[in-house]
Number of protein chains: 2
Amino acid sequence: MKERMQIIKQYLQENGEAKLVDLEKLFPNISSMTLRRDLKRLEEFGDVVLTKGGAKSISHLSRIKEELYSKRLVENTSEKNLIAKKALEFLEEGRSIFLDSGTTIMYLAQLLEKQKLFITTSAPNIALECVKNPNATINLVGGELSRDNLSLSGINALDFLNNINIDTAFIATSGFTIKNGFTCGNYQEAEIKKKVIAKASKVIVLMDSSKFGKSMPFTFATLDDVHHLITDDNITSEAKNKINLKKQNILM
Amino acid sequence: MKERMQIIKQYLQENGEAKLVDLEKLFPNISSMTLRRDLKRLEEFGDVVLTKGGAKSISHLSRIKEELYSKRLVENTSEKNLIAKKALEFLEEGRSIFLDSGTTIMYLAQLLEKQKLFITTSAPNIALECVKNPNATINLVGGELSRDNLSLSGINALDFLNNINIDTAFIATSGFTIKNGFTCGNYQEAEIKKKVIAKASKVIVLMDSSKFGKSMPFTFATLDDVHHLITDDNITSEAKNKINLKKQNILM
DNA sequence: AATAATTGTGTTAAAAAATAACACCAAGGA
DNA sequence: TCCTTGGTGTTATTTTTTAACACAATTATT
C-alpha cells in the first residue's frame, strides 16, 4: 500500500474520522481528487465508511456504540494510543499473554498485527478484535458479563485462569495512589486481576495519567506486584518521583 | 419516537443502508428535507452514521467487518430476520435461555428488547449485543474462540454448561438432512451444542431453508432431539412433508 | 379561552461536495 | 522504441447538503 494511504489509515485510526479538508491540510500539495480516491480505496478495503466530506473508521464507530451501552466515555484517546504503542515493546512472538479489559487495552489489541501469540482475555470485545490476527490463538475466560466495563468475571473465570499459564499480563487500572496501590471499582473484577497477576511471570500495567491520585474501592495490586508501569507524560513529576522512589521501571 | 422514524429505523436495520432516494419513494408525500432531518436525528441517537446520500446502520457495518475476518459471508438476511422474529414468540420473561452462535441468532439477539432474561451464550459478539438490554444477565461460556464462526468451545465451555440450567435453547445449524439430522462443521462446536441440547428443557432450531439438504461432518442432534424447528417458506414442500412426517411443530 | 412558545414541516436559493471526463506523466513490459 | 498501465491533476457538471424563511400544528402559559 502507498505510504500516503498508510498515513491516512493511521490518521483515521487515531482520530476516528478524517475530513477531506483536514487531509488537504495534511497533504498540501496533493489534489483533493486524489485524496478522495484514496478514501474510496480504503473503503473498498473495508475499514472505513465514506461520509459527507470525508470518512470514518468503522472500528471507531463500533467503539462509540459500545460506549453508549456500557457506562464509560472514552477520554484521552491519544494518550491511550501512545501508551498502547509503548506496551507493544513488551510483546514477544510465541508467548502466552493476558489482555485485561478496558479501553487502553483495546488500543493495544488493535495494534497487534500478525504476531504468533497465545492470547487470553476477560473482555469479549477485545477477543473479537484479536481474532483478526490470523496467527493468534484466542482464549476467552467464561463468566458473567459486566455492563460497566464489558469484562467477564465470576467463579468460572477464576477456574479458567487456574488452568492456564501466562508469560506477560497487560493490566488496566481504574485508579492508583501510593497508599492504596492499583484499584478498581468492582470486587469480582479485582479477583480476576489478582489471579492473573499471581499467575503471570511479568505484569505490565497500562495507566493513563488521569488515573493517578484516584482510588477505587478494591485494591488488586501494589507497586511491588507489577514489573512495569506504562503511562503518559501528563503525569506530574512529583507523582513520577514518588513512584520512582519505589520503582525504577516506569515508562512514559 | 415518531412512527415515520421507527419505520426508517427498521428499514435501516433490515437493509443496513437507506439512501435518501429510497426513503423518498417509501414516503412519497414527505419532503426530502424532512427525511434528511429524520436521519440526522437517528444519527444523534447513535445507531446510524450519515453517509453521502443517506445513512448506514452501525451494527450492520460492524457485522460486515466481522465477516471480513471470520470466513462466512452472510446471505439470506431477510429470511434470517423473519426466522428470528418468529423465534421471539418462544421467549418468556424471566427465563434462562441459551443463544448459540451464528448470524441467524445474531438477528434474534438484536430483536431482544427490555425483557428480563438470563442469557447464556457461546458467542462473544452475541453477548455484546445482548448487553444492550439493561434487564438481561449475560453469561458467556469460556474457551477458545474459533475464527470460523466466532464461537467459543473447549473443555472449559463444557464445564461451564454443566453448572447452569437452561429453559430454552436457541440453536443454529449449518446443515440438515433427514438421514444425518442437524450437522455442523466443527467437532468442538458439536460437543457444545450437544451439551446444551441435553441440558435444555426446550430446544428450538433456527435454520434458513438454504441449509436443508446439506450435511456437515458432525451431527449434533436428530429431529427427535429438538422441540421446534423454525425456517422460512423457501423450503420445498417436499422437504416440509418429510419433516412433518416425523414432527408436527415446524414453523415457517 | 386566548396567547405565546415550541416543534415539525415544506420551499427556495445558495453553498459544498462528489462525479465524470479528459489530459498528462512516469514506470514497466513487449 | 512504442505501448500499456496506473496514478495523478484540472475542469465542468451534477448531486447533495445547508441555511433561511414561512407556515401550520401542537403544547404550555397566562
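Reckoned from all heavy atoms, side chains included, excluding hydrogens, waters and symmetry mates. Chain A is the first sequence line, chain B the second, and so forth, proteins listed ahead of strands; every chain is numbered from 1.
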inquiry  = Testing the 3.5 Å rule here: is there a donor-acceptor pair between the side chains of B:Asp148 and B:Ser146?
reply    = no

Short N-O contact, A:Glu14 and A:Lys85, less than 4.0 angstrom = yes

ask   = Taking only residues two or more places apart in sequence or in another chain, which ones pass side chain to side chain contact (heavy atoms under 4.5 Å, CB included) with B:Ala123?
value = B:Ser101, B:Thr121, B:Asn125, B:Ile126

ask   = Over how many whole Å does the gap from A:Phe27 atom CZ to D:dT8 atom C1' extend?
value = 15 Å

Could you go through nucleotides 16-23 of chain D and list every protein N or O atom that sits under 3.5 Å from one of its N or O atoms, giving the distance for each pair?
residue, atom, partner, partner atom, Å
D:dT16, O3', B:Gly53, N, 3.4
D:dT17, OP1, B:Thr51, O, 3.4
D:dT17, OP1, B:Gly53, N, 2.8
D:dT17, OP2, B:Arg36, NE, 3.4
D:dT17, OP2, B:Arg36, NH2, 2.2
D:dT17, O5', B:Arg36, NH2, 3.4

ask   = Does a nitrogen or oxygen in the side chain of B:Arg41 sit under 4.0 Å from OP1 or OP2 of C:dT9?
value = yes

ask   = Does B:Thr34 place a side-chain N or O at less than 4.0 Å from the phosphate oxygens OP1/OP2 of C:dG10?
value = yes

key: Separation of C:dT9 C1' from B:Leu35 CG (nearest whole Å)   = 11 Å

remark   = Separation of C:dT19 atom C1' from A:Leu39 atom CG, nearest Å, is 15 Å

query = Can a donor-acceptor pair be found between the side chains of B:Thr173 and B:Lys211 at a distance below 3.5 Å?
reply = no

Atom-to-atom span, CZ of A:Arg4 to C1' of D:dG9 - whole angstrom = 12 Å

task = On the 0 to 90° scale, with breaks at 30° and 60°, tag the A:Phe218-A:Tyr187 ring pair as parallel, tilted or perpendicular.
result = perpendicular

request  = Kindly indicate whether a cation-pi arrangement holds for B:Arg95 with B:Phe90, taking the cut-offs as under 6.0 Å to the six-membered ring centre and within 45° of the axis.
outcome  = no

task = Take the protein atom CG of B:Leu42 and the nucleotide atom P of C:dG8, then report the distance between them rounded to whole Å.
result = 13 Å

